[in-house]
Undergrad: 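Next up is a structure, given as structure tokens.
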Amino acid sequence: MNPKNVGVIENPDGYGKVGNPICGDVMELFIRVKDDIIADIKFKTFGCGSAIATSSMITELAKGKTVDDALKITRKDVADELDGLPPQKMHCSNLAADALSEAIKDYKSKKKKK
Ligand code: FES
């Protein structure tokens, strides 16, 4: 009910955007990384309540972790952390985990280019 870390980071170190093919909802995720640790993370979701809840939860789980540890956060971890999601809503939690891994991939590819 009180989503955390909603918003945008200007010039993020990593950016991920994913769409949910099942319902058409979209999520964008931004990360700021310092010494390979996720120092700040924000998201914008055009989606249902479950998508917003899982997005908020994943930002809470990922903040302060190294990018490699954050990559290991699974859809199931997020759903478990929320005390489970109804089965028909599990697809909504995919958005958050996928957007986070996209943002981390983006960060890593930018880092390689430097
Ligand atoms: Fe679209 Fe949940 S119904 S993300």
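Every number for a ligand or one of its atoms is a count from 1 in the order of the listing.
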Undergrad: What's the separation between atom NZ in Lys63 and atom CD1 in Ile38, rounded to the nearest 0.5 Å?
TA: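 If we round to the nearest 0.5 Å, Lys63:NZ and Ile38:CD1 are 10.5 Å apart.
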Undergrad: Please find the N/O/S atom of Asp25 nearest to atom 1 (Fe) of ligand 1 and write down its name.
TA: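 Looking at Asp25, the N, O or S atom with the least distance to atom 1 (Fe) of ligand 1 is OD2.
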Undergrad: Using 2.8 Å as a strict upper limit, say whether an N, O or S atom of Cys23 approaches atom 2 (Fe) of ligand 1 that closely.
TA: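 Given the 2.8 Å cut-off, Cys23 does not count as a ligand of atom 2 (Fe) of ligand 1.
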Undergrad: Does Met27 come within less than 4.0 angstrom of ligand 1, counting non-hydrogen atoms of the residue?
TA: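 The answer is no: ligand 1 sits nowhere under 4.0 Å from a heavy atom of Met27.
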Undergrad: Is a side-chain N or O of Asp106 found less than 3.5 angstrom from the main chain of Tyr15, in a donor-acceptor match?
TA: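 Judged by distance alone, yes, a pair lies under 3.5 Å.
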Undergrad: Should the pair Asp77-Lys72 be classified as a salt bridge under the 4.0 Å nitrogen-to-oxygen rule?
TA: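 Result for this pair is no, no salt bridge flagged.
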Undergrad: Just checking: His91, one of its N/O/S atoms, less than 2.8 Å away from atom 1 (Fe) of ligand 1, yes or no?
TA: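 Under 2.8 Å: His91 has no N, O or S contact with atom 1 (Fe) of ligand 1.
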Undergrad: Short list, please: which atoms of ligand 1 are under 4.0 Å from a heavy atom of Cys48?
TA: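 Counting atoms of ligand 1 from 1, those under 4.0 Å from Cys48 are 2 (Fe), 3 (S), 4 (S).
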Undergrad: For Ala51, counting its heavy atoms only, list the atoms of ligand 1 lying under 4.0 Å from any of them.
TA: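 With Ala51 as reference, the close atoms of ligand 1 come out as 4 (S).
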Undergrad: Is Asp98 salt-bridged to Arg75, going by a charged N under 4.0 Å from an acidic O?
TA: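 Looking at Arg75 together with Asp98, the answer is yes, because their closest N to O distance falls below 4.0 Å.
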Undergrad: Treating Ser56 as the side-chain partner and Lys4 as the backbone partner, does any N or O pair qualify as donor plus acceptor under 3.5 Å?
TA: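 Yes; judged by distance alone, with no hydrogens or angles, the pair exists.
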